[in-house]
Amino acid sequence: QVQLVESGGGLVQPGRSLRLSCKASGSISSIYAMGWYRQAPGKQRELVARFTSAYTSTYADYVTGRFRISSDNAKNTVYLQMNSLKPEDTAVYYCNHGLHFWGQGTQVTVSS
């Protein structure tokens, strides 16, 4: 059983940065099967970033150049570094492993 625990969300002003963390417990097939999604109120859950290999990743167009996904394999943890945050980035952010495992979500609110 894989458990994903997220942290790092909060209230931040536009233009500032946050780093989200997702620590995985249990046996995961690969840390590179992980990614980040977000869901704003009344909106569908959408891809933010995920690994596509040990060396590559993919990003939504609206976060390319601002967000970066990374990992610390020894800590079984995936990060989402979010820079130059915009009000439209406000959402609950979820980490994901494969098709079946999701974190509980962490709220990110970008507001002046």
Side-chain angles (χ1 to χ4, degrees):
Q1 178 66 45
V2 175
Q3 301 287 334
L4 307 175
V5 179
E6 301 181 1
S7 61
L11 174 65
V12 64
Q13 292 183 314
R16 301 300 296 272
S17 299
L18 283 175
R19 188 179 74 162
L20 306 183
S21 300
C22 178
K23 184 173 178 61
S25 61
S27 182
I28 60 174
S29 58
S30 171
I31 199 165
Y32 302 112
M34 299 191 66
W36 290 92
Y37 294 73
R38 70 187 186 187
Q39 187 168 24
K43 305 292 185 180
Q44 291 184 288
R45 187 174 298 184
E46 62 185 8
L47 171 71
V48 177
R50 72 177 307 114
F51 293 112
T52 52
S53 76
Y55 306 105
T56 58
S57 56
T58 188
Y59 297 88
D61 289 344
Y62 44 82
V63 305
T64 297
R66 299 190 296 123
F67 292 9
R68 179 178 292 275
I69 187 170
S70 63
S71 64
D72 185 332
N73 291 21
K75 296 181 179 179
N76 231 27
T77 299
V78 175
Y79 304 98
L80 182 67
Q81 179 66 45
M82 305 186 294
N83 299 323
S84 302
L85 283 160
K86 304 174 180 180
E88 51 263 44
D89 294 319
T90 296
V92 177
Y93 284 71
Y94 299 89
C95 67
N96 162 264
H97 179 267
L99 298 177
H100 304 293
F101 298 103
W102 295 86
Q104 63 184 335
T106 185
Q107 176 71 45
V108 173
T109 302
V110 185
S111 180
S112 60

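We number each residue from 1, following the sequence as shown.
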Would you say the side chain of W36 lies within less than 4.5 Å of the side chain of V78, judging by non-hydrogen atoms?
yes
Side-chain heavy-atom pair R50, Y59 within 4.5 angstrom cut-off:
no
Check residues 10-27 and write down every donor-acceptor pair under 3.5 Å in which the side-chain atom is one partner and the other belongs to a residue at least two apart or another chain.
unit_1 : atom_1 : unit_2 : atom_2 : d
S17    : OG     : N83    : OD1    : 2.8
K23    : NZ     : K75    : O      : 2.7

Step by step, work out the side-chain contact (heavy atoms from CB on, under 4.5 Å) result for L4 and M34.
CA-CA 10 Å; L4 307 175; M34 299 191 66; 3.8 Å; yes
If a pair satisfies ring pair (Phe, Tyr, Trp, His ring centres under 6.0 Å) and one of its residues is in residues 6-26, list it, with sequence neighbours excluded.
none
Given 3.5 Å as the limit, does a donor-acceptor pair link the side chain of T77 with the main chain of N73, or not?
no
Please walk me through it: do F51 and T56 pass side-chain contact (heavy atoms from CB on, under 4.5 Å)?
CA-CA 6 Å; F51 293 112; T56 58; over 6 Å; no
Taking everything shown except Q44 itself, do over 12 heavy atoms lie less than 6.0 Å from its CD?
no
Residues which pass side-chain contact (heavy atoms from CB on, under 4.5 Å) with Q1, listed by chain and number, not counting sequence neighbours
Q3, F101
When every non-hydrogen atom of G9 is compared with those of V108, the smallest separation belongs to CA-CG2, 4.2 Å
Go through the structure and list residues passing side-chain hydrogen bond (donor to acceptor under 3.5 Å, both in side chains) with D89, not counting sequence neighbours.
R38, R66
How many angstroms lie between CD1 in I31 and OG in S70, if you round to the nearest 0.5 Å?
9.0 Å
Any residue meeting side-chain contact (heavy atoms from CB on, under 4.5 Å) with S30, in chain and number order, not counting sequence neighbours
Y32
For residues Y79 and D72, determine if any side-chain heavy atom of one lies less than 4.5 Å from a side-chain heavy atom of the other.
yes
Is there a donor-acceptor contact under 3.5 Å from the side chain of E6 to the main chain of T106?
yes
Using a 4.5 Å cut-off on heavy atoms from C-beta on, say whether the side chain of Q107 contacts that of T90.
yes
With clusters built from Ile, Leu, Val, Met, Phe, Trp and Tyr whose side-chain heavy atoms come within less than 4.5 Å, directly or transitively, what are the remaining members of the cluster of V92, listed by chain and number?
Y37, L47, Y94, W102
Derivation and outcome, side-chain contact (heavy atoms from CB on, under 4.5 Å), residues Y62 and K86:
CA-CA 10 Å; Y62 44 82; K86 304 174 180 180; over 6 Å; no
